[in-house]
2 protein chains.
Amino acid sequence: MGSKERIQRLKEENRINILEAAMQIVKEEGWQALSMRKIAEIIEYTAPMIYEYFTNKEALLSALAAQGYLQLAKKMCDAKERHAEPTQQLEAMWLAYWDFAFAEKELYQLMFGVGTQCCEQQKSFGGSNVHSKMVSEVIQEIMKDKQPSADILCQKYFTFWSVIHGLISINLVNEGLLGESNNQQILKDAIQGITRSLKD
Amino acid sequence: MGSKERIQRLKEENRINILEAAMQIVKEEGWQALSMRKIAEIIEYTAPMIYEYFTNKEALLSALAAQGYLQLAKKMCDAKERHAEPTQQLEAMWLAYWDFAFAEKELYQLMFGVGTQCCEQQKSFGGSNVHSKMVSEVIQEIMKDKQPSADILCQKYFTFWSVIHGLISINLVNEGLLGESNNQQILKDAIQGITRSLKD
DNA sequence: GATGTTTGCCTAACATTGTTAAATAACTAA
DNA sequence: TTAGTTATTTAACAATGTTAGGCAAACATC
């Protein structure tokens with residue numbers, strides 16, 4: 001009897017519903033609002049039922065992230081196929097990556113560990129501003145012959161900050177993924193590369 | 001009577017003890033293990049006492065982050081003063097930033113919202129590997145004349161990823177700090193800059 | 001010095017979380 | 001219909017952030 005398959009299909013449907021409910025909550029209220037009971041409420045079950053499908057909350061999050069990796073890979077693959085020339089392919093792929101990050105920002109946060117929890121203060125306190133001024137001054141000094149606009153200055157500063165913060169983040173989240181020597185190489189190359197772009 | 005000042009000093013001491021206890025827990029067990037009761041246990045008080053010094057847990061985290069911003073600014077300032085030439089100052093400042101991030105990685109995570117919570121899977125599942133292969137292939141194609149080593153290839157890939165992920169992270173954590181046009185400018189400049197460095 | 005008032009801290013509690021064990025309902029197979 | 005399996009719920013536990021109310025010591029005022 002095909003009922004086994006029908007039941008299998010229902011189970012799979014439940015699994016999907018759980019994941020969809022989770023994403024719905026996260027998109028509406030953010031990661032900190034996601035709870036097993038809220039998910040259960042949406043799919044009209046009780047919380048323990050979810051544990052038939054996911055061993056715990058973290059496993060559920062992993063499943064969501066896995067979906068995200070698939071989506072991202074697909075978008076980048078599509079982007080690549082829209083071009084023939086490798087340089088254009090590369091640019092298109094990273095632009096697709098960029099678009100994905102903002103179109104599915106909650107997923108992106110989960111996948112790559114971008115601060116979901118802590119402190120609403122950065123914006124008010126300025127956070128980075130402490131060092132951004134200091135750095136910008138030095139950048140201005142280096143570029144003084146070119147009389148850079150405030151916008152250009154800001155862009156250069158953020159280019160530095162992005163690459164360094166990005167590399168740090170990647171290292172902190174996936175501990176020791178890159179070797180120490182690779183890190184130093186990338187870091188120095190990047191700093192010198194951008195510095196050179198300031199001068200000429 | 002000087003007792004007022006003595007009391008004031010005791011209060012300040014308590015405040016410091018709370019913050020130190022919090023950092024101790026975080027360094028030993030990570031952010032997810034930090035709880036008001038554990039802090040209280042270390043300083044030998046009960047949890048509600050902490051609320052005399054911080055209105056809630058987030059305020060406590062903000063205070064920790066504020067300490068971090070000061071430390072970071074000081075280290076970058078020191079680094080700057082060790083050099084006279086702006087280019088060297090700039091490099092030294094960013095290296096100081098880098099060192100701070102790893103010497104005080106818990107603080108760095110808090111300050112700049114680097115994934116403290118979610119999913120232990122990246123390492124096992126490979127996470128990024130899905131797209132890293134795809135991108136590396138294209139990079140290899142672009143560099144095919146130079147017969148790049150696997151290490152070089154890897155470094156180039158991570159240079160791309162760092163700057164893009166960094167820029168995304170900064171945007172996601174401090175929402176709308178940069179304008180849309182600035183973002184596009186930085187992004188395209190960075191991609192084209194690195195791409196150029198692949199060819200020559 | 002006795003009395004009222006403020007201050008510092010604690011006990012007890014509440015609501016919300018993730019998670020588990022046991023009871024029950026629903027369904028399948030004979 | 002009955003026995004057995006599966007699906008789902010109820011009830012509970014421990015840990016979390018947080019608040020209200022109480023107690024005792026220190027202070028101020030007479």
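Letters go in sequence order (proteins before strands), and every chain restarts at 1. Just so you know, these numbers come straight off a predicted model, no measurement behind them.
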**Request:** Ignoring backbone atoms, establish whether A:Thr46 has a side-chain N or O less than 4.0 Å from OP1 or OP2 of D:dT8.
**Result:** no
**Asked** Hey, are A:Glu41 and A:Lys38 close enough for a salt bridge, meaning a charged N less than 4.0 Å from a carboxylate O?
**Response** no
**Request:** Tell me what B:Ile39 touches on the nucleic acid: a base, only sugar-phosphate, or nothing, going by heavy atoms under 4.0 Å.
**Result:** nothing
**Item:** Listed once per pair and sorted, the salt bridge (charged side-chain N to carboxylate O under 4.0 Å, His left out) pairs that draw on residues 86-100 of chain B, sequence neighbours left out
**Value:** A:Lys188-B:Glu91
**Nearest listed nucleotide, side chain of B:Met49, among C:dT20, C:dC9, C:dT17** = C:dC9
**Asked** What nucleotide among D:dA20, C:dT17, D:dT16 has an atom nearest to a side-chain atom of B:Arg37?
**Response** D:dT16
**Within residues 18-29 of chain B: residues closer than 4.0 Å to DNA chain C (heavy atoms)** = none
**Request:** Starting from P on C:dC27, measure out to NZ on A:Lys11 and report it in whole angstrom.
**Result:** 16 Å
**Request:** Round to a whole Å and report the spacing from CG of B:Asn56 to P of D:dT19.
**Result:** 8 Å
**Asked** Base, sugar-phosphate alone, or nothing: which one does A:Ile50 contact when heavy atoms must sit under 4.0 Å apart?
**Response** nothing
**Request:** Looking at every strand, decide which applies to B:Tyr45 at a 4.0 Å heavy-atom threshold: base, sugar-phosphate, or nothing.
**Result:** sugar-phosphate
**Message:** On DNA chain C, compare the nucleotides closest to B:Asn14 and A:Ala47; which residue's is nearer the 5' end?
**Reply:** B:Asn14
**Request:** Using atom CD of A:Glu41 as one end and atom P of C:dT17 as the other, report the distance to the nearest whole Å.
**Result:** 10 Å
Compile the donor-acceptor pairs under 3.5 Å between side chains in residues 11-25 of chain B and protein atoms, sequence neighbours left out, one pair per line.
residue: B:Asn14; atom: ND2; partner: B:Tyr53; partner atom: OH; Å: 2.8
residue: B:Asn17; atom: ND2; partner: B:Glu13; partner atom: O; Å: 3.4

**Identified salt bridge (charged side-chain N to carboxylate O under 4.0 Å, His left out) partner of A:Glu104 from the options A:Lys75, A:Lys27, A:Lys74** = A:Lys27
**Asked** To the nearest angstrom, how far is B:Leu10 atom CG from D:dA25 atom C1'?
**Response** 15 Å
**Request:** Starting from P on D:dA7, measure out to CD1 on A:Ile43 and report it in whole angstrom.
**Result:** 15 Å
**Item:** Rounded distance in Å - OH (B:Tyr51) to C1' (D:dT16)
**Value:** 9 Å
**B:Ser35, nearest nucleotide to its side chain (from D:dT16, C:dT17, C:dC10)** = D:dT16
**Item:** Whole angstrom value for the distance that separates P of D:dT16 from CH2 of B:Trp31
**Value:** 16 Å
**Prompt:** For D:dA7, does either OP1 or OP2 sit under 4.0 Å from a side-chain N or O belonging to A:Tyr53?
**Reply:** no
**Request:** Evaluate the criterion side chain to side chain contact (heavy atoms under 4.5 Å, CB included) for residue pair B:Ile186 and B:Val163; output intermediate values, then yes/no.
**Result:** CA-CA 9 Å; B:Ile186 297 172; B:Val163 66; 5.5 Å; no
**Prompt:** For the pair made of CE in A:Met36 and C1' in D:dT10, what is the distance, rounded to whole Å?
**Reply:** 17 Å
**Request:** Look at the aromatic rings of B:Trp94 and B:Tyr97 and report parallel, tilted or perpendicular, splitting at 30° and 60°.
**Result:** perpendicular
**Message:** Quick one about B:Glu180 and B:Gln184 (side-chain donor to acceptor, distance below 3.5 Å, no hydrogens or angles considered), yes or no?
**Reply:** yes
